[in-house]
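All remarks here apply to the structure that follows.
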Amino acid sequence: DQQVKQNSPSLSVQEGRISILNCDYTNSMFDYFLWYKKYPAEGPTFLISISSIKDKNEDGRFTVFLNKSAKHLSLHIVPSQPGDSAVYFCAASAHGANSKLTFGKGITLSVRP
Amino acid sequence: DGGITQSPKYLFRKEGQNVTLSCEQNLNHDAMYWYRQDPGQGLRLIYYSQIVNDFQKGDIAEGYSVSREKKESFPLTVTSAQKNPTAFYLCASSITGVSGANVLTFGAGSRLTVL
């Protein structure tokens, strides 16, 4: 049973335009959501997170939006740059000592020059 | 520089052999994790440890074993019982006991290929 879903496996956008990466979840106990970026043959690196008590968090070119009622979040990258081309993972955790992360399958973003 | 070191980066194994992947961190993090990445499968949790001498099974623990004798080290053994061991293995660590999101720091990964 997949609790974190990234239904679109890939996305291609033009440099300078906005990239919107979507993520859905099913577990109502999740209260923190994170986005990671991963290049081939490397470990993922943390990008941005959001608490379930917020609906938006912004860090430079990256903004995450959370719609708790729809159990949906999205990562916006604007403007997109060729260096943003990577796999993006959505992850979620429930509060408590056992706060392990559950990851989605990832979305491959390609930013065309 | 603080970080997580995984070794070896590439490893080849014959069927029926056990192999141990090393993971060392100097971040003074309490918790450590092992994930496996397969194409189209995302990251799946194998084992995790919140404290020394204690660890819990993740979602796909069958065919794997771990130990946590030191805070800095969390080696993963892929046993011959693991049916499909060829994958990219990622070790991670995080601080515990703080509020906020549980941000994991990952190593660079180890690619295991079974011949």
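A note on names: the letters A, B, ... follow the listed sequences, proteins ahead of strands, and every chain is numbered from 1.
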| field | Residue among D38(B), L90(B), V103(B), I4(B) with most heavy-atom pairs under 4.5 Å to chain A | value | V103(B)

| Contact class of P9(A) relative to chain B, heavy atoms under 4.5 angstrom | neither

| Should the heavy atoms of other residues, nucleotides or ligands under 6.0 Å from CD1 of I53(A) be counted, would the total exceed 12? | no

| Should we say atom CZ of R61(A) is surrounded by more than 12 heavy atoms from elsewhere, each under 6.0 Å from it? | yes

| request: Could you tell me the separation between the CD atom of Q3(A) and the CG atom of D59(B), rounded to the nearest 0.5 Å? | output: 8.0 Å

| query | If only atom types and distance count, is the side chain of K9(B) paired as donor or acceptor with the main-chain N or O of A41(A) below 3.5 Å? | reply | yes

| query | Got more than 12 heavy atoms from elsewhere within 6.0 Å of NZ, K71(B)? | reply | yes

| F88(B) side, atom CZ; E42(A) side, atom CD - distance, nearest 0.5 Å | 8.5 Å

| query | Any chain of hydrophobic side-chain contacts (each under 4.5 Å) joining V4(A) to F106(B)? | reply | no

| said: Any side-chain to backbone donor/acceptor pair from Y36(A) onto L104(B)? Under 3.5 Å, distance only. | reply: yes

| message | Side-chain heavy atoms nearer than 4.5 Å, only ILVMFWY residues, links allowed to pass through others: does that put L47(A) and L43(B) together? | response | no

| query | So with a 6.0 Å cut-off around CD1 of I18(A), is the heavy-atom count from everything else above 12? | reply | yes

| pair K100(A)-Q56(B): side-chain heavy atoms closer than 4.5 Å | no

| request: Check whether Q37(B) gets within reach of chain A through its side chain, its backbone, both or neither, counting any heavy atom under 4.5 Å. | output: side chain

| task | Is it possible for you to say whether I77(A) and F46(A) belong to one hydrophobic cluster, with membership spreading through side-chain heavy-atom contacts below 4.5 Å? | result | no

| Which one of P44(A), A91(A), G43(A) has the most heavy-atom pairs closer than 4.5 Å to chain B? | P44(A)

| remark: The reported gap from CG in L45(B) to CG in L101(A) (rounded to nearest 0.5 angstrom) is 9.0 Å

| query | Side chain, backbone, both or neither: which part of S51(A) has a heavy atom under 4.5 Å from chain B? | reply | neither

| task | Please check if L76(B) and M32(B) belong to a single hydrophobic cluster, counting links between Ile, Leu, Val, Met, Phe, Trp and Tyr side chain heavy atoms closer than 4.5 Å. | result | yes

